[in-house]
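To find a chain, count down the sequence lines: A is the first, B the second, and so on, and within it residues start at 1. When reading the values below, keep in mind they use all heavy atoms of this one structure, side chains included, and skip hydrogens, waters and symmetry mates.
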Amino acid sequence: MAEKKIQKNPLSLQLNADDFNLASGEEKQSLVVMRESVSFWKDGFRRLGKNKIAMVSLFFIVLIMIFAYIVPVFYPYTYAQQIRGSENLAPFTYSEKEQARIDAGESVFPHVCGTDKSGRDYAVRLMLGARISLTVGLLCSVLVLLIGATFGAISGFLGGWADMIMMRITDILYTIPDILLIILLAVAFKEPLEVLASKPGFGWLQTLGPNLVSIFIVFALLYWVGMARIVRSQVLTLKEAEYVTAARALGASGGRIIKKHLLTNCIGTLIVTTTLQIPSAIFTESYLSFLGLGVASPMPSLGSLATDAVKGMNTYPHLLLLPALLISVIILVFNLFGDGLRDAFDPKLKN
Amino acid sequence: MVKYTVKRIGMGLFSIFIVATLTFFLMNMVPGGPFVAEKSMSKAAQQALAEKYGLDKPILERYGTYLTDLLHGDMGPSLKQRGREVSDIIFSKFPVSAKLAGIAVLVALCVGIPLGCLAAYNRGKWADNLIIVFATCGIAVPSFISSVLLLYTFGMNLKLLPVVGLNEAAAYVMPVTALALYPAAYITRLMRSSLLDVMGQDYMRTARAKGVSNFKILFKHALRNAVLPVVTYVGPMLAGLMTGSFVVEKIFTVPGLGREFVSAITNRDYTMIMGTTIILATLVIAANVIVDVLYKIIDPRIKLK
């Protein structure tokens with residue numbers, strides 16, 4: 001493009017006319033954004049990828065999940081199968097019967113972790129136990145997420161009287177000693193659920209185990225408080241944003257604003273808080289199982305495996321050490337991964 | 001200040017009332033009563049016992065009676081341990097649990113605060129890393145696992161420490177360690193991050209510029225401010241120890257309140273369940289209220305709401 005010289009009256013006090021020329025190609029180049037803008041997710045995942053501890057934890061989480069959900073399907077033993085004559089075997093040993101079969105040329109899958117006092121393969125029981133613990137952890141966290149996020153978002157969005165009352169409710173729930181109520185609730189729900197499970201149409205309750213269901217109910221009732229408080233405080237600041245005003249001006253309903261604008265904007269907090277809820281749920285489940293209020297036998301959970309092993313721990317210490325180690329590792333890796341997620345997606349939450 | 005304190009105490013009392021109500025109706029929801037499990041007893045005898053303890057009355061009436069009795073300080077007789085008052089049982093068992101939890105609190109504070117300071121002062125060095133590893137692992141191990149492992153190693157294999165009861169000083173070592181592990185690890189983490197936070201503050205630089213000695217900086221400026229989050233944690237910690245001790249008491253066969261609570265639930269000893277729940281809940285709630293109020297006194301920067 002040909003440059004045009006704009007004439008300017010030398011006595012004029014007006015702006016320099018040269019400033020209003022079209023930009024040259026060189027100038028345009030310097031204004032081009034060198035880097036593409038990084039989205040929230042990309043940025044978060046990049047930071048997460050750099051965090052070595054979090055990545056190692058993630059690797060372990062995936063590994064444990066494979067062991068808990070996939071390996072038992074292909075495993076030659078099942079968790080309830082009692083092998084006669086193979087009671088209380090040490091790891092990698094065979095009973096006389098099995099030895100005879102091996103001598104006869106048959107291949108017998110080794111008991112990698114030995115067997116328990118009823119002759120059940122311990123490795124597969126550990127995997128099933130991990131499955132129960134993980135399922136409890138994941139499902140409870142989802143329940144907490146659903147209830148806590150809804151309650152917190154509504155409370156923060158409405159504000160005023162409704163907020164006051166809803167927050168007093170959480171204050172009171174917060175001060176109630178949870179373990180006391182959990183034990184009580186677990187006992188109280190146990191028998192009604194067992195009765196319900198025996199009725200037709202509720203067979204799924206039986207397979208799940210009434211105790212497990214009562215653990216879910218307990219979690220749904222008590223543990224959402226922390227989540228609700230965090231979400232509320234986020235919503236309180238978010239609802240002042242211009243896009244919320246804009247949405248309101250366009251006639252969006254309160255529910256739509258909460259769903260489409262407020263909750264989607266505190267998704268980082270939601271993910272982090274939910275992940276950090278998982279280990280605490282696993283913790284509580286193993287604790288309840290230890291007190292005999294967990295899953296029903298023969299279904300194992302890591303807590304109940306540890307409890308059963310306590311009586312014989314002098315002679316068969318590995319039966320105790322393995323579930324104990326597994327629970328600790330699961331809680332540890334979820335804690336570390338949750339910390340990593342928090343640093344990546346929600347650095348403000350750190351303090 | 002007074003208004004805030006009164007408000008917190010009022011809310012605490014309301015919470016205790018909620019706990020009592022919830023417990024009362026929940027425990028009555030459970031099928032079976034305290035006398036049903038006893039096979040040797042005839043129907044008529046069961047009926048007579050139920051009448052004696054007023055269990056045949058409608059639930060709302062019993063609830064009213066219980067609350068009025070409770071306000072007069074009467075928790076009623078135990079339904080299972082015949083001839084004993086609930087309050088007597090609680091007062092005989094409570095000191096055992098309280099002593100254990102109290103020692104555990106002290107141990108957790110005495111371990112957690114110095115470790116946290118040490119880690120913060122040596123940030124990024126090997127001492128810091130070591131302490132972080134301890135703190136992360138300590139948080140991941142449930143108390144029942146640590147107590148069982150302790151019992152196995154020191155009680156049964158090495159035979160260094162007594163495994164049952166609390167008759168001698170050495171018997172306290174294992175239960176207290178098991179109880180204090182989690183809070184100690186948590187306090188270490190809390191202390192480290194809050195001390196690091198404080199050390200970055202302007203007034204620390206000012207103090208150093210004035211030529212205040214390192215020792216004085218640590219104790220007069222840094223610790224005073226950094227210890228605040230730990231103070232808030234003491235309330236929940238006490239709660240955790242009181243309730244976490246159920247399992248520890250079971251494993252080390254300590255005759256404490258936690259064991260009474262669990263056995264009362266399995267025996268459907270209604271008055272005993274109510275008594276232990278109310279006492280434990282009151283303790284926990286009182287600890288929380290005291291900590292909340294103390295926090296505002298220690299740190300005047302926090303605005304009273």
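At a 4.5 Å heavy-atom cutoff, the contact between A:Ala324 and chain B is made by backbone and side-chain atoms alike. Neither the backbone nor the side chain of A:Ile330 comes within contact range of chain B; no heavy atoms are under 4.5 Å apart. Contacts between B:Ile16 and chain A at a heavy-atom distance below 4.5 Å are absent for every atom of the residue. Neither the backbone nor the side chain of B:Leu283 comes within less than 4.5 Å of any heavy atom of chain A.
For B:Phe134, the CZ atom counts as densely surrounded, since its 6.0 Å shell holds more than 12 non-hydrogen atoms of other residues, nucleotides or ligands. The environment of B:Phe24 atom CZ is dense: over 12 non-hydrogen atoms of other residues, nucleotides or ligands sit within 6.0 angstrom. Under a cut-off of 6.0 angstrom, the local environment of CZ in B:Arg123 is sparse, with at most 12 non-hydrogen atoms contributed by other residues, nucleotides or ligands. The neighbour count for A:Ile53 CD1, taken as heavy atoms of other residues, nucleotides or ligands under 6.0 Å away, does not exceed 12. Around atom OH of B:Tyr63, more than 12 heavy atoms belonging to other residues, nucleotides or ligands sit under 6.0 Å away.
For the atom pair B:Cys137 SG and A:Asn335 CG, the distance stands at 10.5 Å (nearest 0.5 Å). For the atom pair B:Leu149 CG and A:Ser328 OG, the distance stands at 7.5 Å (nearest 0.5 Å).
For the pair B:Thr136 and A:Leu332, the minimum side-chain heavy-atom distance is below 4.5 Å. No side-chain heavy atom of B:Ile145 sits less than 4.5 Å from a side-chain heavy atom of A:Leu320.
A pairwise comparison of heavy atoms in A:Gly303 and B:Phe144 identifies CA-CZ, 4.4 Å as the closest pair. Annotation for A:Ile327 and B:Pro142: closest pair CG2-CG, 3.9 Å, computed over non-hydrogen atoms.
Between chain B and the residues A:Ser286, A:Ala306, A:Pro279, the largest count of heavy-atom pairs under 4.5 Å involves A:Ser286.
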